Amino acid sequence: MTGAAARIASSGVVVVRATPDRWDDVVTVMGDSDVGCWCQAPRGRVAGGRNAAPGIRREALRDQLAEDPPAGLLAYVDGEVAGWCGFGVRTALPRLVRSRTIPAIDDRPVWSILCFKIRVGFRRRGVAAALLAGVVEDARRSGAPGIEAYPIDPEGERVDVNFGYVGLTPMFEAAGFRRVLETAARSDRRPRWLMRLDFEQPTGRR
């Protein structure tokens, strides 16, 4: 999945790379504001952290769309942008590298899924699952050794949408991810699991 090439899920959701020419659609999903996360908090690459000046995170994300891979994928339903999935190469994400709650299990440059953001009106329509499938396909084609995610285990209960941005374990299990370990991270008072989908068999672990 390179450039504007699209993956069309069985649900009819079209998933593409969030390239610079799709910036207006990224803004539509994120909200046209100079404040907010803008998919930067988990990356830890913006000077100032939580105290970063307004607009800094927004412009950082815009610059990251030109990277390879870009900072995320976009999903479309009937031609209208419906959602975002942010990710990055784990070894290039300082906050993950330094994390005390989500440990690295090896030093492989797997892709790390950071967040999902689905627009109101498009939820419960398979958009997040389509985005996940798109990341898996893109990572395979790009030669990544695998993908990690850090979703919430809902433990059979509903999760507040404000906390569910990291995804839920059942969706990842349905996509072939395995649970590796329960992390010390929590969201909505529930455990977050390090889950992994390896494309190549690891030769060893730390």
Side-chain angles (χ1 to χ4, degrees), residues 9 13 15 17-18 22 25-46 49-50 52 57-58 60-62 64-65 69-77 81-90 93-96 99 101-102 110-136 138-139 147-175 177 179 182-197:
V13 182
V15 177
R17 280 188 163 193
R22 296 181 182 274
D25 290 340
V26 174
V27 172
T28 296
V29 176
M30 297 295 184
D32 191 6
S33 171
D34 282 338
V35 297
C37 177
W38 286 93
C39 205
Q40 296 307 303
R43 300 178 192 277
R45 291 163 58 179
V46 175
R50 294 178 181 271
R57 292 191 183 95
R58 175 178 173 141
L61 180 59
R62 186 168 191 166
Q64 289 157 8
L65 299 188
L73 300 184
L74 290 168
Y76 294 81
V77 175
V81 66
W84 157 274
C85 177
F87 62 90
V89 178
R90 188 190 64 192
L93 300 172
R95 186 167 181 182
L96 265 182
S99 178
T101 58
I102 300 178
V110 296
W111 289 15
S112 289
I113 294 177
L114 304 174
C115 61
F116 295 87
K117 189 172 179 63
I118 312 302
R119 293 178 66 200
V120 174
F122 295 97
R123 295 167 185 165
R124 301 185 182 280
R125 297 175 64 176
V127 175
L131 282 163
L132 175 56
V135 176
V136 170
D138 200 354
I147 306 178
E148 276 188 2
Y150 320 101
I152 298 170
D153 185 346
E155 302 177 319
E157 299 180 6
R158 289 191 61 127
V159 174
D160 188 310
V161 66
N162 294 317
F163 295 97
Y165 67 93
V166 292
L168 305 180
T169 52
M171 181 178 71
F172 288 92
E173 289 171 330
F177 284 68
R179 296 191 188 209
E182 182 178 328
T183 75
R186 294 290 183 270
S187 190
D188 199 20
R189 302 182 303 279
R190 293 181 173 87
R192 290 176 59 184
W193 278 79
L194 189 155
M195 300 188 71
R196 188 80 163 256
L197 178 63

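For clarity, every value in this text was computed on a predicted model and none was experimentally measured. The basis for the numbers below is simple: all heavy atoms, side chains too, and nothing from hydrogens, waters or symmetry mates.
- Partner of R192 under the side-chain contact (heavy atoms from CB on, under 4.5 Å) criterion, chosen from V166, T101, D153: V166.
- Residues G126 and V13 come closest through the heavy atom pair O-CG2, 4.4 Å.
- Of all the heavy atoms in S112 and L93, the pair that sits closest is CB-CD1, 4.1 Å.
- Among residue pairs with one or both ends in residues 119-132, those qualifying as side-chain hydrogen bond (donor to acceptor under 3.5 Å, both in side chains) are E80-R119; sequence neighbours excluded.
- Across every non-hydrogen atom of A18 and L65, the tightest pair is O-CD2, 3.2 Å.
- Across all non-hydrogen atoms, the minimal contact from L73 to G134 is CD1-C, 3.5 Å.
- Summarising the geometry of M195 relative to P151, their closest heavy-atom pair is SD-CG, 3.5 Å, with the distance given to 0.1 Å.
- A donor-acceptor contact shorter than 3.5 Å is absent between the side chain of R179 and the backbone of W193.
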Steps toward side chain to side chain contact (heavy atoms under 4.5 Å, CB included) verdict (F177, I147): CA-CA 9 Å; F177 284 68; I147 306 178; 3.9 Å; yes
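- Residue pairs meeting the ring-ring contact (aromatic ring centres under 6.0 Å, His included) criterion with at least one partner in residues 147-167, sequence neighbours excluded, do not occur; the list is empty.
- Looking at heavy atoms from C-beta onward, L96 lies in side-chain contact with L114 at the 4.5 angstrom threshold.
- Between the side chain of R43 and the backbone N or O of F87, at least one donor-acceptor pair lies under 3.5 Å.
- The CH2 atom of W84 sits 12.5 Å away from atom CZ of R22, with the distance rounded to the nearest 0.5 Å.
- The line from CG of D188 to CD of E157 is 9.0 Å long, rounded to the nearest 0.5 Å.
- No side-chain heavy atom of V15 sits under 4.5 Å from any side-chain heavy atom of L74.
- Atom CG of D138 and atom CZ of R17 lie 4.0 Å apart (nearest 0.5 Å).
- The distance from atom CD1 of I113 to atom SG of C85, rounded to the nearest 0.5 Å, is 5.0 Å.
- T169 contributes atom OG1, which lies 8.5 Å from atom CD of E155 (distance to the nearest 0.5 angstrom).
- In this structure, Q64 contributes its side chain and R62 its backbone to no donor-acceptor pair below 3.5 Å.
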Test D25 against Y76 for side chain to side chain contact (heavy atoms under 4.5 Å, CB included), laying out the working first. CA-CA 10 Å; D25 290 340; Y76 294 81; 2.6 Å; yes
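- Taking every heavy atom of both residues into account, P42 and C39 meet most closely at CD-C, 4.1 Å.
- To the nearest 0.5 Å, atom CE of residue M30 and atom CZ of residue R58 are 11.0 Å apart.
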Does L194 form a side chain to side chain contact (heavy atoms under 4.5 Å, CB included) with E148? I'd like the steps, not just the answer. CA-CA 7 Å; L194 189 155; E148 276 188 2; 3.9 Å; yes
